[in-house]
Amino acid sequence: MDFRRYGIREEEYLAAREALGREPNECELRILGVMWSEHCSYKSTKHLLKLFPNKGDKVVLGPGENAGIVDLGDGLGAAFKVESHNHPSAVAPYQGAATGVGGIIRDILALGARPVASMDGLFFGAPGHGKTAMLSSGIVRGVGDYGNAVGVPTVGGKTVYDPSYNENPLLNAFNLGLVRLDEIVSSQTAKPGQLVVLLGSKTGRDGIAGAAFASVELSDDAKADRPSIQIGDPFAEKLLIEACLELQAKRLIVSMQDMGAAGITSSSSEVAAKSGVGMVLAFDKVPLRAADMEPWEIALSESQERMLLIVEPRHLEEVMAVAERWELDCAVIGETTEGDGYSILFHGEEVASFPASLVGDGCPPIHWPARKPDNLEKGWELDVETLPLPEDWNETLLSLLSEPSLASKEWIYDQYDSMVQTNTVRGPGHPVSVLRIKGRETLVAMVLDADPWKCALDPFRGGAEAVARTVRALAVAGAEPLGLTDCLNFPSPENPEQYWVMMECIKGMAACCEALQCPVVSGNVSLYNESAAGAILPTPVIGTVGVIPSVGQFLPSGRWHDGDVLFQVGPCIPSLAGSQYLLMREGRNRGRPLEFLPDVEAGFVRRALKTARDGVASSGRAVAGGGLAVAIAREATESGLGAVVSFEIPTRRDVLLFGEGGARALYSVPMAKVPLFKSLWRGFPLLELGRVQGAELEINGVISVPVDTLPSPRRIR
Amino acid sequence: MTAWHVHVYIQLKDGVLDTQGKAVERSLHSLGHDSLQAVKIGKYVQLWINADSEQSARQQAVRMCDDLLVNGIIEQFSVEVEGE
Amino acid sequence: MTAWHVHVYIQLKDGVLDTQGKAVERSLHSLGHDSLQAVKIGKYVQLWINADSEQSARQQAVRMCDDLLVNGIIEQFSVEVEGE
Amino acid sequence: MKTAVIIFPGSNCDQDVLYAVRNTLGTEVRAVWHGEREIPDGTDLVILPGGFSYGDYLRCGAMAARSPVMQAVIDHGRRGGLLLGICNGFQVLTETRLLPGALLTNRIPAFICRPCLLRVESTATPFTSMYAEGQVVQFPIAHADGRYTLPDDELKALEDRGGVVFRYCDGAGNVTEESNPNGAMNGIAGIVNEGGNILGLMPHPERASEAILGGVDGCAFWRSIFSTLQERRV
Ligand SMILES: Nc1ncnc2c1ncn2[C@@H]1O[C@H](COP(=O)(O)OP(=O)(O)O)[C@@H](O)[C@H]1O
Ligand SMILES: [Mg+2]
């Protein structure tokens with residue numbers, strides 16, 4: 001048997017043969033080849049993911065389900081997850097991105113949650129590079145067209161430009177849905193004697209073996225053996241959402257599972273394995289778009305906009321009626337049985353048969369060797385004193401604000417409907433995105449962030465910093481972090497140094513989650529992000545969700561008032577390591593990011609939350625990319641006010657103004673509340689920066705610019 | 001140098017889901033067009049190109065298709081050239 | 001009854017600004033296609049219709065255009081019929 | 001006041017409009033499925049909401065305009081009943097020819113979502129009576145095909161009869177090239193029919209009807225309708 005043709009490794013083949021007690025046939029091998037691909041099986045990372053803390057008071061559903069769920073209070077939960085669609089987006093940017101958005105929405109829907117908000121993480125190559133314009137415009141249009149049509153607002157995101165993504169852009173799609181805790185639909189509750197129902201679009205030859213495709217490096221001449229790409233139909237998805245939620249409200253489904261990678265096989269075997277039942281499927285019952293499809297093609301088709309339902313026979317008629325009303329195809333394709341046998345029939349003949357647990361859990365894990373990169377320490381060398389100070393500070397600040405990764409992303413998010421569903425309190429363009437929940441006081445806040453440059457320099461510290469950035473932003477806004485989801489975008493794990501970097505990143509992220517009691521409730525892994533041109537930067541993307549008890553306890557950004565006192569809270573000495581400033585000046589990423597300080601981070605979050613809740617500040621913003629100077633400039637432009645800032649400098653001016661890292665935030669505080677503010681931050685480094693006044697931004701005598709000349713996102717009124 | 005009027009017809013490859021065609025077909029049926037068997041929707045692009053010969057105009061049009069107009073993974077196209 | 005393959009070409013009327021065409025024209029220019037004079041983007045709809053005669057197939061297609069496929073305020077169309 | 005919101009497959013602002021009307025006015029609002037042949041008895045106002053009816057495939061609003069419920073909607077409009085099309089709903093109204101013109105792909109052919117300033121051109125409609133003539137209001141837009149277009153003679157006729165109700169403008173109320181987000185002729189954002197009972201507009205008043213969402217300029221829109229109907233009753 002030539003198992004390698006199907007992407008199966010020898011030990012995997014042997015494991016399969018042993019579990020079956022016979023030679024697997026071709027159809028089975030094809031199925032295993034896809035189901036045991038990295039994308040579906042997590043065989044290289046499963047054991048690493050165990051390092052993440054995933055328990056907590058507020059965790060309703062942790063990793064292992066379609067998405068995680070956290071408790072928002074009063075019987076309501078937020079289901080959320082982020083997922084990659086990197087490889088498809090590299091090959092067919094528009095369709096790849098669109099189907100990425102559609103896919104994550106179905107993950108959320110599978111829990112019975114109504115999808116209410118999306119965010120997108122975009123990682124593009126250098127702006128001037130040949131393909132970047134085409135890839136970025138296609139991906140952005142794809143995200144927009146799908147999300148807009150399906151009626152789920154895109155409320156925020158993250159966009160990074162770096163040459164390492166030239167050939168291998170990343171698209172990570174995040175979605176969040178709301179569900180009553182007593183109405184969560186599980187994929188683990190099927191019982192023998194129930195019907196397996198396929199709802200949604202017809203099955204065609206789209207994206208067959210797409211999951212396996214996502215598990216190899218991109219090669220230049222991939223054109224020939226490219227799987228036919230999936231086409232998204234947001235119109236069908238919108239109908240599918242409404243139909244599934246209606247089925248759930250009428251309690252007509254026992255269990256539900258979206259069809260993502262590896263289509264019918266993946267979804268049905270997962271339900272069978274998790275529920276502990278067997279399943280018999282008759283593939284001739286599957287509504288097909290192309291008449292002559294072979295069973296393995298039906299098994300692995302990644303046609304979009306389909307859901308798998310488990311239904312009690314007595315409810316079938318009602319289920320069909322709902323499907324008809326929404327003009328969706330709906331067919332019984334099999335039934336659940338006692339035991340754990342999973343078998344596929346085609347025209348009465350058995351074409352594949354194995355224990356249900358084999359496809360999901362049977363793949364032997366791979367422990368790739370890890371080795372600390374030889375040149376890691378070399379990259380830390382950075383003697384700041386040898387760097388010349390900027391000659392023109394105004395110009396430096398202005399250029400920094402125009403750096404692609406820091407510049408306004410308006411051209412992107414203006415293409416996204418960020419307001420549909422009328423819940424968006426703060427949409428894209430703000431440090432955190434905030435939604436209200438109709439009929440309740442509570443607000444949900446969310447952030448998506450990443451810091452690949454620091455992860456590249458020191459993966460442990462960078463991983464911790466990336467997580468910390470999201471939590472700091474939430475805390476400053478007054479949102480108590482409830483949990484996070486992550487997408488681990490990395491190059492091939494088969495390279496020991498790259499594997500080590502990934503492992504350290506995960507450890508760093510885990511350490512920060514632990515320190516801030518922010519558990520990981522869901523996530524996704526995307527490996528093999530490299531091409532002949534090289535590997536991407538290590539890019540863990542973090543999406544963190546928090547809750548604000550009421551509007552009154554939300555602290556906005558960009559709301560300076562004339563006469564307010566400006567403070568920086570947090571350790572005063574940041575670092576130029578991996579900073580946008582250094583990247584801009586030198587075109588090269590170097591230095592050692594700051595050490596991760598768990599107690600300081602926790603202390604920051606505690607005080608920031610209290611600052612927002614007690615209403616002692618007019619405006620607040622965590623300091624992140626571009627450092628303090630960029631944070632000040634953003635607050636000024638958004639507020640439409642200037643400031644005079646002048647303070648003692650404990651280190652080099654550029655380090656303090658443009659350095660990054662650590663738990664820091666910028667607050668503007670009304671004069672009358674200054675004593676309260678100070679007492680709140682007692683025991684934490686606090687630096688008075690100056691005053692909000694006038695229309696000029698003046699910083700320590702070196703920067704002096706009229707605020708209305710700073711690049712700023714649009715302000716209508 | 002003559003100006004050539006080039007007509008490009010772009011359609012989805014067979015087997016690729018035609019979301020628009022499907023919706024339009026349904027709508028035409030509901031309007032009573034029962035004799036309709038199928039619908040496929042594509043793009044009709046007209047180019048006006050300066051070139052020395054018909055052949056060169058065609059070649060240029062094909063290059064524009066490859067460069068931008070057509071996504072070869074899901075679409076196929078044909079070209080017709082007309083003198084002006 | 002034969003099945004007829006009908007090709008419908010829809011384009012914006014002259015005088016109606018084709019912003020997509022303009023955008024594509026700009027992109028093609030920036031990709032170095034200097035000989036390109038103009039671009040116009042329209043729709044290419046294929047219909048498969050059962051009918052007794054070519055003429056009847058054409059008539060039905062025209063009716064579908066009037067009923068749904070074409071907005072006469074901004075668009076014009078032409079039809080070609082092919083036997084199968 | 002009884003309101004019916006039509007839901008087409010692919011509508012996605014239907015619930016937003018239902019909520020805005022209920023929340024602002026506290027009056028009865030019903031959802032009506034596109035497959036129905038009738039709208040509820042005694043309906044005062046029919047709303048065609050925003051979204052992507054039938055995926056907006058082929059042309060925006062084209063298939064919705066031909067769906068079963070539309071005959072009843074058209075009859076309602078012809079009888080003088082209030083009929084409002086927002087965004088996709090405006091596109092549907094032009095496709096049914098209840099309103100003149102067509103909505104083409106934006107000047108920059110991309111979807112655009114953001115708050116916009118509008119000048120109220122006419123307060124002599126049931127939808128705008130509570131605004132001041134020339135008042136500048138802020139409603140968000142969210143569309144890819146909002147470039148209002150019609151033949152020159154019809155445009156002139158529309159302007160001459162005062163059929164333009166909203167125009168994109170800047171903060172000072174000037175209609176300029178820069179304040180026009182989609183290239184619509186004469187900066188037109190919303191129009192009313194000759195009978196004065198059918199209004200179509202691209203911007204979304206339902207997204208500007210609550211302070212927490214960043215604006216309340218849309219509230220007067222709903223209140224205008226309410227008070228018009230009250231007056232008609234007495
Ligand atoms: N791809 C995107 N989609 C939607 N919103 C985005 C996207 N990229 C950035 N944004 C928004 O733009 C703002 C700035 O984004 P970001 O790149 O994270 O810069 P910052 O350093 O200010 O956090 C944020 O409000 C974010 O939500
Ligand atoms: Mg951010």
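Lettering of chains follows the sequences in order, A, B, ..., and the numbering in each one begins at 1. Values in this document were obtained by computation on a predicted structure and should not be read as measured data.
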Side chain, backbone, both or neither of Ala51(C) within contact of chain B (heavy atoms, under 4.5 Å): neither
List the residues meeting salt bridge (charged side-chain N to carboxylate O under 4.0 Å, His left out) with Glu54(B), not counting sequence neighbours, and say none if there are none. Arg58(B)
Rounded to the nearest 0.5 angstrom, the CD-NE2 distance for Gln37(C) and His5(B) is 13.0 Å
When rounded to the nearest 0.5 angstrom, what is the spacing between CD in Gln20(B) and NZ in Lys43(C)? 7.5 Å
Report which part of Gln11(C) has an atom under 4.5 Å of a heavy atom belonging to chain B: side chain, backbone, both, or neither. side chain
For the residue pair Lys40(C) and Trp48(B), what are the closest heavy atoms and their distance? CB-CZ3, 3.8 Å
Please identify, among Leu68(B), Leu69(B), Ile41(B), the residue contributing the most non-hydrogen atom pairs under 4.5 Å to chain C. Leu68(B)
So if I apply the side chain to side chain contact (heavy atoms under 4.5 Å, CB included) rule between Val39(C) and each of Val6(B), Val8(B), Leu47(B), which one comes out positive? Leu47(B)
Using a cut-off of under 4.5 Å for heavy-atom pairs, which of Leu28(B), Val45(B), Leu31(B) has the most such pairs with chain C? Leu28(B)
I want to check something: taking the side chain as every heavy atom from C-beta on, are Gln60(B) and His33(C) in contact at a cut-off of under 4.5 Å? no
